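First comes the structure, then the notes that go with it.
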Amino acid sequence: MDKQTLSFQAEVKQILHLVTHSLYSNKEVFLRELVSNASDACDKLRFEALDKATLYEDAPKLEIRVWFDTEAKTITIRDNGIGMSAEEAVQHLGTIAKSGTREFMAKLEGEQKKDANLIGQFGVGFYSGFIVADRITVETRRAGAAPEEGVRWSSEGSGDFEVETITRTPRGTDVILHLRAGEEEFLSAWKLKSIIGKYSDHISLPVLMPKQKWDEEKKEQVTTDEWEPVNKAAALWTRSKSEITDAQYQEFYKQISYDQEPPLAYTHNRVEGRSEYTQLLYVPAKAPFDLWNRDKRGGVKLYVKRVFIMDDAEALMPVYLRFVKGVIDSADLPLNVSRELLQESRDVKAIREGCTKRVLSMLEDVAENQKDKYAEFWGQFGSVLKEGMGEDHANQERLAKLLRFASTTADEGVSFDDYVGRMKEGQEAIYYITADTLAAAKNSPQLEIFRKKGLEVLLLTDRVDEWMLSHLYEFDGKPLQSVAKGGVDLSKLQDEEEKKAAEQAAEAFKPVLERLKASLKDRAKDVRASTRLVDSPACIVVDEGDMSSHLARMLKQAGQSAPKSLPILEVNPEHALVKRLEGTAEGEPRFDDLAQILFDQALLAEGGQLEDPAAYVRRVNALLTG
Ligand code: ADP
Ligand code: MG
């Protein structure tokens with residue numbers, strides 16, 4: 001192929017601009033990114049070579065070499081990994097195929113403190129080379145390809161890049177950075193070594209650099225042609241627990257997660273039994289910016305005897321635990337099967353189950369012993385964990401115990417166990433209300449009777465709560481019951497006198513109810529005397545089997561259609577406004593206005609919207625001035 005000049009994809013141009021301009025204060029990360037690409041390339045070769053050993057050619061020992069040239073002002077990162085064909089070079093180094101590009105860019109633009117970890121998290125590491133280089137040349141030959149099928153890719157990192165065919169003997173890739181003027185500090189063995197030590201110690205391949213020697217005559221360090229490893233190249237997880245310090249665990253976490261914060265908790269175990277594997281799993285303290293991207297790549301990597309196999313998130317962890325980071329290394333999975341087969345494998349499923357249980361124990365432990373830490377975790381990942389209620393029926397009970405809520409007793413941190421411990425004598429259900437905001441939930445008229453009776457009600461205001469409730473019906477044998485659904489039967493909590501009084505009042509009130517029903521026949525399927533109201537005149541409830549109005553509203557906002565079912569209006573016979581109805585003759589236009597107002601107010605009180613606000617205002621004004 002003759003030399004061709006091609007244009008970067010538009011997103012790449014933007015990323016290049018952002019990365020080079022906003023990450024300058026953290027420029028040394030370029031080396032971490034390029035070394036990790038080199039290491040990935042070797043992992044890929046090792047995997048492909050499992051059923052095609054000839055790919056190793058005459059160089060089975062995989063390694064990474066880094067060197068610099070003071071005269072030419074270049075740094076070279078070489079690997080003997082998988083390499084790239086011309087097509088692959090154009091594809092991988094000229095376009096970004098990943099989802100979430102826009103979020104990434106918005107985040108990078110918005111960040112006050114430009115966070116260099118974002119590039120690693122997002123995976124656009126290659127371009128970070130342009131922070132320090134005004135030209136990058138990549139020379140590469142794909143494993144198995146003939147020397148004449150080598151490729152040279154080159155770019156100044158602005159609008160376009162060049163590709164051409166070259167002859168290249170070594171397998172794998174050289175990335176040559178031509179440093180910008182002013183970046184000479186990186187032309188130092190000490191500097192490069194210290195960056196590699198800082199970021200790339202865990203890479204399980206040797207990273208080699210030319211050995212330096214003191215020259216007595218020149219009185220300076222000179223480069224020899226002997227190569228020496230500059231990283232430890234020891235996969236941390238393969239060592240025994242007793243040999244690893246907490247600081248090493250923390251450092252390893254930083255390296256695999258690109259997270260600056262220390263992890264919330266970690267667990268490292270060798271599992272023996274039907275399936276033998278090692279797990280080193282971390283729960284982060286902070287949510288990444290792309291937590292809501294359910295198809296992002298996984299934080300957990302699967303190795304088989306230290307050979308990287310895949311990081312297919314869902315095969316290794318349930319989606320609701322997608323924030324977990326770490327490594328799983330199996331001792332007995334077959335190496336020579338395809339990724340597709342591995343995903344189907346029963347052993348992988350067993351590993352997935354085992355790891356899920358581990359993570360849950362880890363969380364249970366934090367919840368039990370470090371309540372403040374758990375509260376922080378809950379703030380970051382609680383909504384994600386709730387997804388598990390529907391996704392993981394096998395662990396539903398354990399998960400339910402990990403949930404935390406706001407309630408009428410405490411604004412946060414209430415567990416089902418706390419709630420059940422505070423249940424009143426005779427109380428049979430766990431009561432909850434769903435609403436858009438905590439304020440709306442707290443002020444719901446439906447809560448009045450519960451407040452008066454001292455019954456705790458859980459206040460659910462998270463968007464996933466409605467969905468979660470469609471999978472969770474009970475806890476510890478006690479049904480979950482919405483205070484805004486169906487009739488509330490608090491009769492077990494009433495004394496005889498109260499019961500009698502309520503019955504009599506209901507009887508006397510019947511005629512008014514009939515008239516209200518007639519007035520509101522298009523808006524309410526029933527009108528009844530309420531047992532839940534104390535201070536408010538009316539509230540809206542839905543039938544036991546119907547969708548809550550909160551959920552119906554959410555669906556509507558999301559542009560989906562909600563099944564149309566009329567709600568029930570409950571009125572408080574003791575309230576002055578309702579008493580006024582009794583004194584208003586039937587057929588009088590005034591009665592109808594009052595009925596409509598009652599209904600509209602109940603709708604407003606629960607955060608709903610009026611279909612005809614102007615009519616409401618007119619009616620209220622007529623009442624105020626009349
Ligand atoms: P990521 O590593 O997250 O995929 P990068 O921007 O770091 O993103 O790299 C982009 C792609 O370029 C890689 O996925 C890989 O396909 C290719 N690539 C980069 N460096 C190398 C290398 N040394 N050998 C082979 N392929 C590479
Ligand atoms: Mg990379």
Side-chain angles (χ1 to χ4, degrees), residues 29 32-33 36-37 39-40 43-44 98-100 103-104 107 115-125 199-200 202-204 235-237 249-269 277-304 306-330 339 342-343 348-349 351-363 366 376-377 380-388 391-392:
V29 296
R32 172 188 74 189
E33 293 302 322
S36 98
N37 283 353
S39 161
D40 291 348
D43 282 343
K44 285 180 199 158
K98 291 161 194 118
S99 57
E103 283 142 83
F104 168 74
K107 179 87 179 173
D115 185 353
N117 291 306
L118 285 174
I119 50 171
Q121 263 183 36
F122 184 70
V124 289
Y199 294 115
S200 310
H202 75 290
I203 298 253
S204 56
L236 184 83
W237 65 90
Y249 278 123
Q250 306 254 3
E251 188 52 38
F252 182 70
Y253 169 72
K254 257 194 205 169
Q255 290 170 353
I256 59 165
S257 68
Y258 298 109
D259 186 355
Q260 278 315 333
E261 305 262 330
L264 183 83
Y266 58 84
T267 178
H268 182 197
N269 309 282
Y277 59 95
T278 300
Q279 54 190 187
L280 173 51
L281 302 172
Y282 294 86
V283 174
K286 270 242 160 65
F289 75 93
D290 55 353
L291 181 64
W292 295 104
N293 182 1
R294 284 171 57 103
D295 57 23
K296 70 169 193 153
R297 51 180 170 179
V300 176
K301 291 186 194 303
L302 177 68
Y303 288 74
V304 173
R306 289 181 61 175
V307 177
F308 172 73
I309 302 293
M310 65 170 175
D311 58 1
D312 181 296
E314 273 185 73
L316 301 172
M317 273 287 152
V319 181
Y320 73 92
L321 294 179
R322 60 184 173 276
F323 51 83
V324 173
K325 309 266 186 219
V327 171
I328 298 165
D329 194 342
S330 161
R339 283 163 204 237
L342 270 173
Q343 290 166 359
V348 173
K349 289 205 175 91
I351 290 178
R352 185 182 192 261
E353 277 165 27
C355 290
T356 303
K357 295 219 155 76
R358 261 291 151 195
V359 174
L360 295 184
S361 323
M362 199 163 27
L363 293 176
V366 179
E376 268 172 54
F377 164 80
Q380 296 282 322
F381 298 106
S383 313
V384 184
L385 210 62
K386 287 178 188 168
E387 294 174 14
E391 210 178 310
D392 190 356

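As the structure is a prediction and not an experimental result, all values here were calculated from the model.
Here the options are Val324, Leu281, Leu321, the test is side-chain contact (heavy atoms from CB on, under 4.5 Å), and the partner is Thr356; only Leu321 passes.
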*asked:* Applying side-chain contact (heavy atoms from CB on, under 4.5 Å) to His268 and Thr278, what does each step give before you reach the verdict?
replied: CA-CA 7 Å; His268 182 197; Thr278 300; 3.8 Å; yes
*Please test Gln260 against Lys254 for side-chain contact (heavy atoms from CB on, under 4.5 Å), starting from the C-alpha separation and ending with a verdict.*
CA-CA 6 Å; Gln260 278 315 333; Lys254 257 194 205 169; 3.8 Å; yes
*Run the numbers on Val366 and Val283 for side-chain contact (heavy atoms from CB on, under 4.5 Å), then give the verdict.*
CA-CA 11 Å; Val366 179; Val283 174; over 6 Å; no
*asked:* Applying side-chain contact (heavy atoms from CB on, under 4.5 Å) to Ser330 and Ile351, what does each step give before you reach the verdict?
replied: CA-CA 9 Å; Ser330 161; Ile351 290 178; 4.2 Å; yes
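Annotation: salt bridge (charged side-chain N to carboxylate O under 4.0 Å, His left out) contacts of Asp43 (sequence neighbours excluded): Arg46. Residues passing the side chain to side chain donor-acceptor pair (under 3.5 Å) test with Gln250 are Asp246, sequence neighbours excluded. Listed by chain and number, the residues in a side-chain contact (heavy atoms from CB on, under 4.5 Å) with Val327 are Trp237, Phe252, Tyr303 (sequence neighbours excluded). Not counting sequence neighbours, the partners of Lys357 by the side-chain contact (heavy atoms from CB on, under 4.5 Å) test are Asn395, Arg398. Asn269 is linked by a side chain to side chain donor-acceptor pair (under 3.5 Å) to Thr267, Gln279, counting only residues two or more places apart in sequence or in another chain. Residues passing the ring-ring contact (aromatic ring centres under 6.0 Å, His included) test with Tyr282 are Tyr253, Tyr266, sequence neighbours excluded.
Side-chain contact between Gln380 and Leu264: absent, with no pair of heavy atoms (C-beta onward) separated by less than 4.5 Å. The side-chain heavy atoms of Cys355 and Val300, taken from C-beta on, include no pair separated by under 4.5 Å. Using a 4.5 Å cut-off on side-chain heavy atoms (C-beta onward), Pro284 and Glu261 make no contact.
Between the Glu391 side chain and the Pro318 main chain, no donor and acceptor come within less than 3.5 Å of each other.
Shown here for Tyr277 and Ile328, the closest heavy-atom pair between the two residues is CD1-CG2, 4.1 Å.
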